[in-house]
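Since the structure comes first, as structure tokens, the remarks are kept for the end.
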Amino acid sequence: MGIRSIEKQLAAELCFEAVVEAVNDYLDQCGQAGRYLPPHEHLVMPIIRAGFYPQGLFKITHFIFREEMIGRAERRDGTGKGRELDFPSADSLIETIMNPYPIVRLRTARDRKMLQLQG
């Protein structure tokens, strides 16, 4: 295994960690605010500040706005969960941001690392 392949693998894992942290922070902030916060300011910029720029990063803004519109339509039609905001899951946000990367492999690597730290 060459150094370049190790760098590529490590970069993807570090990017994945930064995206997971940013998504969890964003969903926590939205939950506390009780509304959708602007994704560019609260989700995209923290990932860019961490030094990463995954390909699906700017698709996330459209994804969140689409989810918000669907939620509004469901509440208006009476098919939603009353007046509660239904935020997208962290997994769907992470998969949208990290779209071209193998998410399953990155999650497995993270889980393996967590098991090593615990044991």
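This chain uses plain numbering: 1 for the first residue, then up along the sequence.
Checked against salt bridge (Lys or Arg N to Asp or Glu O under 4.0 Å), Asp91 has the following partners two or more places apart in sequence or in another chain: Arg107. Glu67 pairs by the salt bridge (Lys or Arg N to Asp or Glu O under 4.0 Å) definition with nothing, not counting sequence neighbours. Applying the salt bridge (Lys or Arg N to Asp or Glu O under 4.0 Å) test to Glu21 and every residue at least two apart in sequence or in another chain returns nothing.
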Inset, instruction - Might you work through the side-chain contact (heavy atoms from CB on, under 4.5 Å) test for Val19 and Leu57, ending with a clear yes or no? - result: CA-CA 9 Å; Val19 168; Leu57 190 59; 5.9 Å; no
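Distance check: Ser92 OG to Ile64 CD1 gives 9.0 Å after rounding to the nearest 0.5 Å. The distance from atom CD1 of Ile70 to atom CZ of Phe65, rounded to the nearest 0.5 Å, is 14.0 Å.
Across all non-hydrogen atoms, the minimal contact from Pro46 to Glu41 is CD-O, 3.8 Å.
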Tabulate below the donor-acceptor pairs under 3.5 Å that side-chain atoms of residues 23-30 make, not counting sequence neighbours, or state none.
from	atom 1	to	atom 2	distance (Å)
Asn24	ND2	Val20	O	3.2
Tyr26	OH	Leu37	O	2.7
Gln29	OE1	His42	ND1	3.2

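Residue pairs meeting the side-chain hydrogen bond (donor to acceptor under 3.5 Å, both in side chains) criterion with at least one partner in residues 43-66, sequence neighbours excluded, are absent.
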